Amino acid sequence: MKNSSWTYARKISQSFCLAVFLWLFLQTEYRGIDQLPYPVSLLFRIDPLAALADFLAPGPFGWQILWPALLILLGTVLFGRFFCGWICPLGSTLDGLGKVIGRGRRTFSPGWRRVKYYLLIGLGTATLFGVQLLGLFDPLAIFLRSLTLAVYPAYNYGLNRVFDFFYEHNVPLLSATVKNSYPFFRDNLMAFHQPIFALGLFTLIIFLTILLLEKVEHRFWCKNLCPLGGLLGLCSRYAILQRTPQKLCADCKSCDSLCRSGAVRSSGHMRSECLLCMDCTGFCPEERVHFGLRTGSDHYVGVDLQRRGVLTAMASGVMMAPAVRIGPVTHEQNPYLIRPPGAVAEDEFLQRCVRCAECMKVCIGRTLQPALLQAGPVGLWTPLVVPRIGYCEYNCTLCGQVCPTGAIAPLKLPEKKKNVIGLAVIKKDRCLPFAKGVECLVCEEHCPTGEKAIVMEEKELLVDGEIRRLKFPRVIDKLCIGCGICETKCPVEGASAVRIINEGESRRKRSELLAGPYG
Amino acid sequence: MTGIDRRTFIRQSIRTAVASSAVGCLPALDLLALPAIAADSPPLAVRKGKNIKQLVKETIGALGGIEQFVTPGEVVVIKPNIGWDRTVELAANTHPEVVKTLVELCLDAGAKQVRIFDRTCNDERRCYTQSGIRSAVEGLKSDRVSLEYMDRRAYKELAIKGGKAFDRWEFYMPVIEADRLINVPIAKHHSISKLTLGMKNLMGVIGGNRGRLHHQIAESLADIASVIHTDLTVIDATRILVANGPQGGRTEDVRNTETLIASPDMVAADAFATTLFGLKPEDVSTVVAAAQRGLGVMDLKQVRMV
């Protein structure tokens, strides 16, 4: 297959964008500066689907953050789905790995193409009615989430094992070289702490499934399933970029089998399906294909969105809200449902969070973990504070800095230090002084608030028939912010003797607080 | 030749055995502690002053200079307290100027390499930066100095001979293998061991679940100190934390004492530091346990003030 200069330009753009996103991904880490110097969440700032989620969520639209997404939309209206062909990192990954995986050439019934539109319409309607699940299917969220929760941790693990092997075994010639290269990898290309995520394997399986769909059909995901592709497709209806010839040529029909998005039909060029990869300008044996600004006649050919299908998708979206609301209120059912500092109230949080995992990537305490069902079925992949794995670092405000949709508000450090995400509760049946009659103060020692939220009080306790004077920890509720370091560091094996619960959190409505004992 | 007969020999042996075991049973007489009393009186230098650089030089100078402890070509480990994500004025970490001056002295004495690290409680990147120690050390611009993050692979489980709380623990091998160890804690309040000083600072070079040490803090720290040999202890009391220790967080809890304590005997240095808090060495159980084990001298009358 011959490549045109357009194809080369497109490949360079794809490689460049992918490299920038991967570089930003690596920069989504604390590197000694409290304020991240790069716009690490750029990927979502140019994501029209994230902008749609934000637009439909309660509260004002985040113009300051999300204006680049509107530029992409504007560009799409003018030129078509250039984003899918030239920028999208998931699309580029599929193009790049397609050769490795092996490409299927099956053609599916054209009805499959409607799925992405129905998905977009259904999810969009649901968002309008208060249940936002766009992030589950957003290609950029899928890409970053898979990278954060699965690919990067696995890559780190593998590299660490290699370096460890050469650290422990002295292999002639090799060991010295590997050892010398270690500092460079450690400081630039690896995570500071090995990332650990509860849903790593699950996320990986989904990512691999999307990659393996290439075996079925080239860009299966983009053609048939991607709701962002659907949104961009809808926007490109009046694009001024026109392909000539518009139809398959009677004498050749190469485009029918070679076009990766199957956008050229005998009825015409399907603008909303064309990824603008420009390959056809190269592989056309007669060099007939050209792209240019629309002149004169244009016969629009699109996917036939059947009225019945659209209505069904909308109805499903409308039904989703009551279906979710009939469940019990999750944060009342699950006292361990703790959200990062700055998180907006739970209902709004679920509507804003696009499950991109940026916050989990940047969290230096490794406390932010993806939820499976802890926040209800619609809370899948939303960030949870899991203090037994890690704690919320007292002087850190990174998660709010990277959140692209305002689900976690950026807090200034003094505000963050007062933001209550939960409350420590001492389990007397596990806590060493209470349960075993021996000294311990680890929770008090690590408590970071200036005036400690955990204090030690000396009392007498009868242990094995003798009276011992021991110090017992007690939580001062009004000083505790729920950072969870006490739970992380508690030396009791297995479950901690201090647990953080979501009582008294700042993000609940004031009235609720005033009614309770924490007003 | 007038030898003793078999009968007398057996009788005398039994008598000696009974007598010595009876004496050994008495809790007051710890046979292991005996060498401590017999040891030479260790030198202890205490100086006061506002200029930290000068203060460090004077205090070390009083002990005969850093050359007493570091000889050319040696690998020196300096172990400050960098445990917390706190700024200098909150007195949770060793003062960066104290660390920097000690490094300079070691370099001047011809040390081949000076390594600095701590197993921190908060995120190590934050602690190293926020404590001011990173910028102080990097400001020296010497390739013989390195402020390092602890390498998770370099811990090794070692046997603790005569350990009372533990018979094995994981230790950080670069400390064990270094030619010299200079322990540079900051004097602070602590709610179980009352104070954290030189012995407590050594918790920063061990691995494992350190929280477990608090069940028997005194004996545990003595166990650790019996494995790690310290050549010099310099206690930073330029400002001390008198409450809400060991990480503080409020300037109200900080007292400016402008003092530096140095001694090759860690126990003696710790013992003296207790007096800054209005305590006596015997009030702090870790000091007592270490002295009983013969790890140093806690009786301030037996030390040689220089």
Side-chain angles (χ1 to χ4, degrees), chain A residues 29-34 160 163-168 182-183 186-187 192-194 363-366 390-391 393-396 398 417 432-433 436-452 454-458 470-471 473 483 485-486 488-493 496-497, chain B residues 83-87 90 92 120-130 134-135 138 146-154 156 165 173 188-194 196 200 203 208-220 241 243-254 285:
Chain A
E29 172 140 22
Y30 174 78
R31 295 195 186 273
I33 309 168
D34 289 338
N160 271 322
F163 284 119
D164 288 5
F165 177 84
F166 287 104
Y167 180 87
E168 282 154 17
Y182 178 64
R186 182 195 59 199
D187 297 341
F192 188 79
H193 295 291
Q194 168 65 38
C363 178
I364 58 179
R366 292 192 288 185
Y391 62 96
E393 193 71 77
Y394 189 57
N395 290 323
C396 170
L398 294 174
K417 287 182 173 178
L432 293 170
K436 315 272 181 199
V438 295
E439 295 270 38
C440 181
L441 84 162
V442 177
C443 54
E444 186 259 9
E445 184 178 49
H446 285 87
C447 181
T449 53
E451 192 184 344
K452 284 186 183 291
I454 298 185
V455 293
M456 301 302 284
E457 286 175 342
E458 202 164 323
L470 284 170
K471 286 181 170 159
C483 73
I485 193 168
C486 48
T488 311
K489 305 273 180 177
C490 173
V492 172
E493 275 176 40
S496 174
Chain B
W84 307 98
D85 181 15
R86 294 286 196 222
T87 47
L90 293 173
T120 61
C121 295
N122 294 120
D123 184 271
E124 43 270 67
R125 294 162 291 181
R126 293 202 61 90
C127 296
Y128 280 22
T129 304
Q130 192 107 325
R134 183 195 296 283
S135 58
E138 285 174 359
S146 52
L147 177 67
E148 307 165 13
Y149 296 124
M150 309 282 274
D151 188 336
R152 65 182 163 76
R153 305 171 298 188
K156 204 164 150 186
M173 292 315 284
K188 290 185 292 184
H189 162 260
H190 189 266
S191 50
I192 276 195
S193 62
K194 281 194 178 138
T196 106
K200 187 89 181 7
M203 272 178 82
N209 178 352
R210 294 184 294 181
R212 284 174 53 204
L213 265 57
H214 291 93
H215 311 176
Q216 300 165 269
I217 189 80
E219 295 304 343
S220 304
L241 193 59
N244 282 315
Q247 61 166 316
R250 306 193 307 166
T251 42
E252 295 98 299
D253 301 328
V254 178
S285 62

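Reminder, nothing fancy here: chain letters follow the sequence lines and each chain counts from 1. Values below: all heavy atoms of this structure, side chains included; hydrogens, waters and symmetry mates excluded. The shown structure was predicted, so the numbers you read here are calculated from the model rather than taken from an experiment.
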Are the side chain of B:Asp123 and the backbone of A:Glu393 linked by a donor-acceptor contact shorter than 3.5 Å? no

Under 4.5 Å from any heavy atom of chain B - which part of A:Glu444: side chain

At a 4.5 Å cut-off on heavy atoms, which part of A:Phe163 comes close to chain B: side chain, backbone, both, or neither? both

With only heavy atoms counted, which part of A:Lys452 is less than 4.5 Å from chain B, the side chain, the backbone, both or neither? both

B:Arg126 (side chain) donor-acceptor with A:Asn395 (main chain) under 3.5 angstrom: yes

Rounded to the nearest 0.5 Å, what separates atom OH in A:Tyr30 from atom OG1 in B:Thr129? 4.5 Å

Going by heavy atoms in the side chains, are A:Lys436 and B:His215 under 4.5 Å from each other? no

Can you tell me how far the CD atom of A:Glu29 sits from the CZ atom of B:Arg125, to the nearest 0.5 Å? 5.0 Å

Measuring heavy-atom distances to chain A, does B:Gln216 have an atom under 4.5 Å in its side chain, in its backbone, in both, or in neither? neither

For B:Ser191, is it the side chain, the backbone, both, or neither that has a heavy atom closer than 4.5 Å to a heavy atom of chain A? both

If you count heavy-atom pairs under 4.5 Å between each of A:Asp34, A:Thr488, A:Val455 and chain B, which one has the most? A:Asp34

Can you tell me which of A:Glu439, A:Glu168, A:Glu445 forms the most heavy-atom pairs within a distance under 4.5 Å of chain B? A:Glu445

What residue in A:Val492, A:Ile485, A:Leu432, A:Val438 has the most heavy-atom pairs under 4.5 Å with chain B? A:Leu432

Which region of B:Ala92, side chain (C-beta onward) or backbone (N, CA, C, O), has a non-hydrogen atom less than 4.5 Å from a non-hydrogen atom of chain A, or is it both or neither? neither

About how many Å separate CD of A:Gln194 and CZ of B:Arg152, when rounded to the nearest 0.5 Å? 8.0 Å

Could you state the interatomic distance from CG (B:Asn122) to OH (A:Tyr394), rounded to the nearest 0.5 Å? 11.0 Å

Do any N or O atoms from the side chain of B:Gln247 and from the backbone of A:His446 form a donor-acceptor pair under 3.5 angstrom? yes

Heavy-atom pairs under 4.5 Å with chain B: which of A:Gly32, A:Cys490, A:Pro448 has the most? A:Pro448

Is it the side chain or the backbone of B:Tyr128 that comes within 4.5 Å of chain A heavy atoms, both, or neither? neither

Side chain from CB out, backbone as N, CA, C, O: work out which of these in B:Gln130 comes under 4.5 Å of a heavy atom of chain A, or both, or neither. side chain

Between A:Glu451 and chain B, which part of the residue has a heavy atom less than 4.5 Å away: side chain, backbone, both or neither? both

